[in-house]
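Written out below as structure tokens is the structure these notes cover.
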Amino acid sequence: MTKKYGIVIISHSADVAYGVHQIIKEVAQDVAITHAGGTDDGEIGTSFEKVSIAFETNEADHIYAFYDLGSAKMNIETVIEISDKEILLFDVPILEGAYVTAAQLQMDESIDVINANLKTIIVK
């Protein structure tokens, strides 16, 4: 069964992407969560191929995307242009944004409330 809303975590570090995934999975076991991190050769950075696969393999049709740094965001923006999925991108801290969103999706909170809450997260 396809899940309506999911989450994708994109980081310059494979360990960070995996770690954030593991943390949010604790509060959102029923939410489709995928992640990508690092370059194709295992270094710090991002890989468009890995990012694209994270979105393609996510079961959801509508995906909240969270990232850590600029080139991760650029890869997500490129995926947005070519994907058939609706990708929702907010400029919020990766862990806090993903965690709050995951918990709310698990509770079946309305998308309007989730989006409004993401707009109130302040980056300091």
Side-chain angles (χ1 to χ4, degrees):
M1 180 172 133
T2 301
K3 297 180 185 217
K4 186 165 184 170
Y5 286 91
I7 293 175
V8 171
I9 305 298
I10 306 298
S11 174
H12 280 65
S13 165
D15 292 336
V16 169
Y18 177 74
V20 172
H21 181 153
Q22 293 304 103
I23 290 169
I24 66 175
K25 199 65 176 169
E26 288 293 313
V27 297
Q29 294 183 4
D30 298 324
V31 176
I33 305 168
T34 52
H35 66 276
T39 63
D40 292 331
D41 58 358
E43 299 295 321
I44 297 295
T46 57
S47 157
F48 178 75
E49 183 175 349
K50 285 183 171 186
V51 171
S52 181
I53 290 169
F55 284 96
E56 288 173 24
T57 59
N58 191 294
E59 299 174 4
D61 295 325
H62 309 275
I63 300 172
Y64 284 92
F66 298 96
Y67 67 94
D68 59 2
L69 297 169
S71 65
K73 181 180 182 182
M74 290 177 4
N75 279 315
I76 293 168
E77 290 171 336
T78 302
V79 171
I80 288 171
E81 293 177 14
I82 62 174
S83 179
D84 292 334
K85 297 183 180 195
E86 177 188 22
I87 300 171
L88 303 151
L89 180 61
F90 291 86
D91 292 324
V92 298
I94 188 171
L95 178 57
E96 292 87 342
Y99 189 89
V100 168
T101 302
Q104 290 177 100
L105 287 172
Q106 182 68 32
M107 297 180 339
D108 204 25
E109 183 61 79
S110 83
I111 298 309
D112 291 337
V113 169
I114 293 171
N115 293 348
N117 288 340
L118 284 168
K119 290 176 185 174
T120 65
I121 296 176
I122 298 171
V123 178
K124 292 187 178 191

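Under 3.5 Å, the side chains of His12 and Ser71 contain a donor-acceptor pair of N or O atoms. For Ser110 and Asp112, the side-chain atoms include no donor-acceptor pair closer than 3.5 Å. Under 3.5 Å, the side chains of Asn115 and Tyr64 contain a donor-acceptor pair of N or O atoms.
Glu26 contributes atom CD, which lies 10.5 Å from atom NE2 of His21 (distance to the nearest 0.5 angstrom). Annotation: the span from His35 atom NE2 to Ile7 atom CD1 amounts to 13.5 Å, rounded to 0.5 Å. The structure places CG of Leu69 at 8.5 Å from CD1 of Ile94, a figure rounded to the nearest 0.5 Å. Taken to the nearest 0.5 Å, the CD1 atom of Ile87 stands 5.0 Å off from the CD1 atom of Ile80.
His62 places none of its side-chain heavy atoms less than 4.5 Å from the side chain of Ile111. Counting only heavy atoms from C-beta outward, the side chains of Val100 and Ile114 never approach each other to under 4.5 Å. For the pair Leu118/Ile121, a side-chain contact is recorded, criterion being any heavy-atom separation below 4.5 Å from C-beta on. Side-chain contact check for Thr101 versus Tyr5: every heavy-atom pair is 4.5 Å or farther apart. Proximity of Leu95 to Phe66: side-chain heavy atoms (C-beta onward) are nowhere separated by under 4.5 Å. No side-chain heavy atom of Ile10 sits under 4.5 Å from any side-chain heavy atom of Asn75. By the 4.5 Å heavy-atom criterion applied to side chains, Ile9 and Ile24 are counted as neighbours.
In this structure, the side chain of Ser52 does not engage the main chain of Phe48 through any donor-acceptor pair within 3.5 Å. With Asp61 contributing its side chain and Glu86 its backbone, the two residues share no donor-acceptor pair below 3.5 Å. In this structure, the side chain of Lys25 engages the main chain of Val31 through a donor-acceptor pair within 3.5 Å. With hydrogens and angles ignored, the 3.5 Å screen pairs a side-chain donor or acceptor of Lys85 with a backbone N or O of Phe55.
Among residues two or more places apart in sequence or in another chain, the side-chain contact (heavy atoms from CB on, under 4.5 Å) test is passed with Asp84 by none. In this structure, the side-chain contact (heavy atoms from CB on, under 4.5 Å) partners of Lys73, at least two apart in sequence or on a different chain, are Tyr67, Glu77, Leu89, Asp91.
Around the CE atom of Met107, the shell of radius 6.0 Å holds more than 12 heavy atoms that belong to other residues, nucleotides or ligands. Residue Tyr18 places its OH atom among 12 or fewer non-hydrogen atoms of other residues, nucleotides or ligands, all under 6.0 Å distant.
Scanning both residues, Ala17 and Ala36, for their nearest heavy atoms gives CB-O, 3.4 Å. Closest of all the heavy-atom pairs between Asp68 and Ser11 is OD2-OG, 2.6 Å. Closest of all the heavy-atom pairs between Asn58 and Ile63 is CB-CD1, 3.8 Å. Scanning all heavy atoms of the two residues, the minimum distance from Ala32 to Ala60 falls at CB-N, 4.3 Å. When every heavy atom of Gly6 is checked against every heavy atom of Leu105, the shortest pair comes out as O-CD1, 4.4 Å.
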| said: For Asp15 and Ser13: C-alpha separation, side-chain torsions, deciding distance, then whether side-chain hydrogen bond (donor to acceptor under 3.5 Å, both in side chains) applies. | reply: CA-CA 5 Å; Asp15 292 336; Ser13 165; 4.7 Å; no

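Under the 4.5 Å side-chain heavy-atom criterion for ILVMFWY residues, no single connected hydrophobic cluster contains both Val8 and Val92. Follow the hydrophobic side-chain contacts under 4.5 Å out from Ile82 and you never reach Ile53; the two are in separate clusters.
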